[in-house]
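Keep in mind that what you see is a predicted model, and the values were worked out from it rather than measured. To find a chain, count down the sequence lines: A is the first, B the second, and so on, and within it residues start at 1.
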There are 2 protein chains.
Amino acid sequence: MKPMKISEAVVRRLPVYLQVLNDLNMRDVQTVSSQDLGNKLDLNPAQIRKDLAYFGDFGRKGIGYDVTYLIEKIRQILKLDQPLNVGLVGAGNLGRALCNYNTYLKDNMKITAVFDVHPSMVGASINGLTVLPMDKLKETVAACNIRIGIITVPAIEAQNVADKFVEAGVDGILNFAPTILRVQEHVRIHYANFTTELLSLAYYLDEEGVDENETVVD
Amino acid sequence: MKPMKISEAVVRRLPVYLQVLNDLNMRDVQTVSSQDLGNKLDLNPAQIRKDLAYFGDFGRKGIGYDVTYLIEKIRQILKLDQPLNVGLVGAGNLGRALCNYNTYLKDNMKITAVFDVHPSMVGASINGLTVLPMDKLKETVAACNIRIGIITVPAIEAQNVADKFVEAGVDGILNFAPTILRVQEHVRIHYANFTTELLSLAYYLDEEGVDENETVVD
DNA sequence: TAGATTGTTAATCGATTAACAATC
DNA sequence: TAGATTGTTAATCGATTAACAATC
């Protein structure tokens, strides 16, 4: 391992590698080359080798990477080899979807508490969890050792919820609300903003919608 | 306007600009400088000016950008000045959340049809839409002029659904399933994979979890 | 006019890719 | 040994930022 600073682009690719490796593992594939991975992910094999080499020598020259071993290593790098508790605020449709995905976020990440700002939601049961009121957030985050907060409330309430999470002591926030959050520097925020993806998708549509052949006169 | 090729990074920032501009507009702000926008978004003002300048001269020297005018222009660029119909497959929790968000995706984008692969789901009502069976997908996409497909089914079914969407003639797909899709080259795919964001967030946690001051001996 | 801010060119920075020695 | 594939250095590419003339 080197004490080098790893760029965000590299870190963001690790979960993608993990996803493909888990796939291969389920299909009992023992070994994979950077070439194979590159084909599956439309990435340059050199980039994959370089990404992995930041963290150690995981491959074998002439052979490739052992799938199980590489999964284990990437899990370690992402700190998914230890349990990580997550709290969620916003028991609406999206929040409930994420709670039910819990099996999905299996990799030692678990939503262990759900909160809502609306008293009418409090007490409801979601996938075995009882929705708690916001004034229980601080003590629950401490008691359950919650490190990450997920925000699935409307944009207008998001900053307020983020402040509560930070005050309660979480180190990271995943924000689904379409708004930029301001927090103390040491708290890391990731955005899961699908509207961005959807709206930017629209940009690329008419390149095909306008049939360029129609304008060709022979 | 220039006939230049615009990079994906630029296009992805446009919806973010739009978001902030809509915010400003609601608060009756008339004019905004690239400096202001940069502060709000943690972006370099020069980058914002450059991004916008790819598409035209929208600002006024010494003044800044007219908020309403810039919103209009970005809407045009993203083709949100015309209605755009969207179909969704997967009426589970996440699918339902997106359908109910319809107000959100107001910008002339609308989910106009919902499908599910499971017969037991068919016929259910979601936000005024009746869930249709998959064998109605092709005719509905044609009849409703659906250009974009959203996939909210489990990973294992996602490629199959994508194939159906492509066969039916959509030009773009927004995939929420954590899997890479293979489609004809002319179909554009965007990924809304929040597991990637969540897992990569874990990587950054212990940088603060390990209190570096504790190791300092004076 | 003086101050502010754009649009754009040039400089910088960082990320991706090619190439190859090492080695299984 | 010959073929395959890694880890890594050097070359390339592209994106970000700085700087500034134009101008409101």
Nearest-nucleotide pick for [X], side chain only, options being [options]:
| X | options | value |
| --- | --- | --- |
| A:K61 | C:dG7, C:dT23, D:dT8 | C:dT23 |
| A:S33 | C:dT8, D:dT6, C:dT5 | D:dT6 |
| B:N44 | D:dT8, C:dT16, D:dT17 | D:dT17 |
| B:R49 | D:dG7, C:dT6, C:dA18 | C:dT6 |

At less than 4.0 Å, is any side-chain N or O atom of [X] found next to OP1 or OP2 of [N]? Yes or no.
| X | N | answer |
| --- | --- | --- |
| B:Y65 | C:dG7 | yes |
| A:S34 | D:dT5 | no |
| A:Y54 | C:dA15 | no |

Pick the closest DNA chain C nucleotide for A:I63 and for A:A46 by heavy atoms, then say which residue is nearer the 5' end. A:A46
How do B:Q35 and B:K50 order along DNA chain C: which one's closest nucleotide is nearer the 5' end? B:Q35
Starting at atom [atom1] of [X], determine the distance to atom [atom2] of [N], rounded to an integer number of angstrom.
| X | N | atom1 | atom2 | result |
| --- | --- | --- | --- | --- |
| B:E8 | D:dA15 | CD | P | 10 Å |
| B:Q30 | C:dT5 | CD | P | 16 Å |
| A:F58 | D:dT5 | CZ | C1' | 17 Å |
| B:I48 | C:dG7 | CD1 | P | 12 Å |
| B:L41 | D:dT16 | CG | C1' | 16 Å |
| B:D66 | C:dT6 | CG | P | 13 Å |

Donor-acceptor pair, side chain of B:N44 and main chain of B:I48, under 3.5 angstrom: no
Taking A:T68's backbone N and O only, do any of them form a donor-acceptor pair with A:N25's side chain (distance below 3.5 Å, no angle check)? no
Side-chain donor-acceptor pair present, B:S200, A:R12, cut-off under 3.5 Å: no
Are side-chain N/O atoms of A:Q159 and A:D163 paired as donor and acceptor at under 3.5 Å? yes
Base, sugar-phosphate, or nothing: which does A:R60 touch, judged by heavy atoms less than 4.0 Å apart? sugar-phosphate
Given the ring of B:F55, does B:K73 sit roughly above its face, with NZ or CZ under 6.0 Å from the centre of the six-membered ring and within 45° of the axis? no
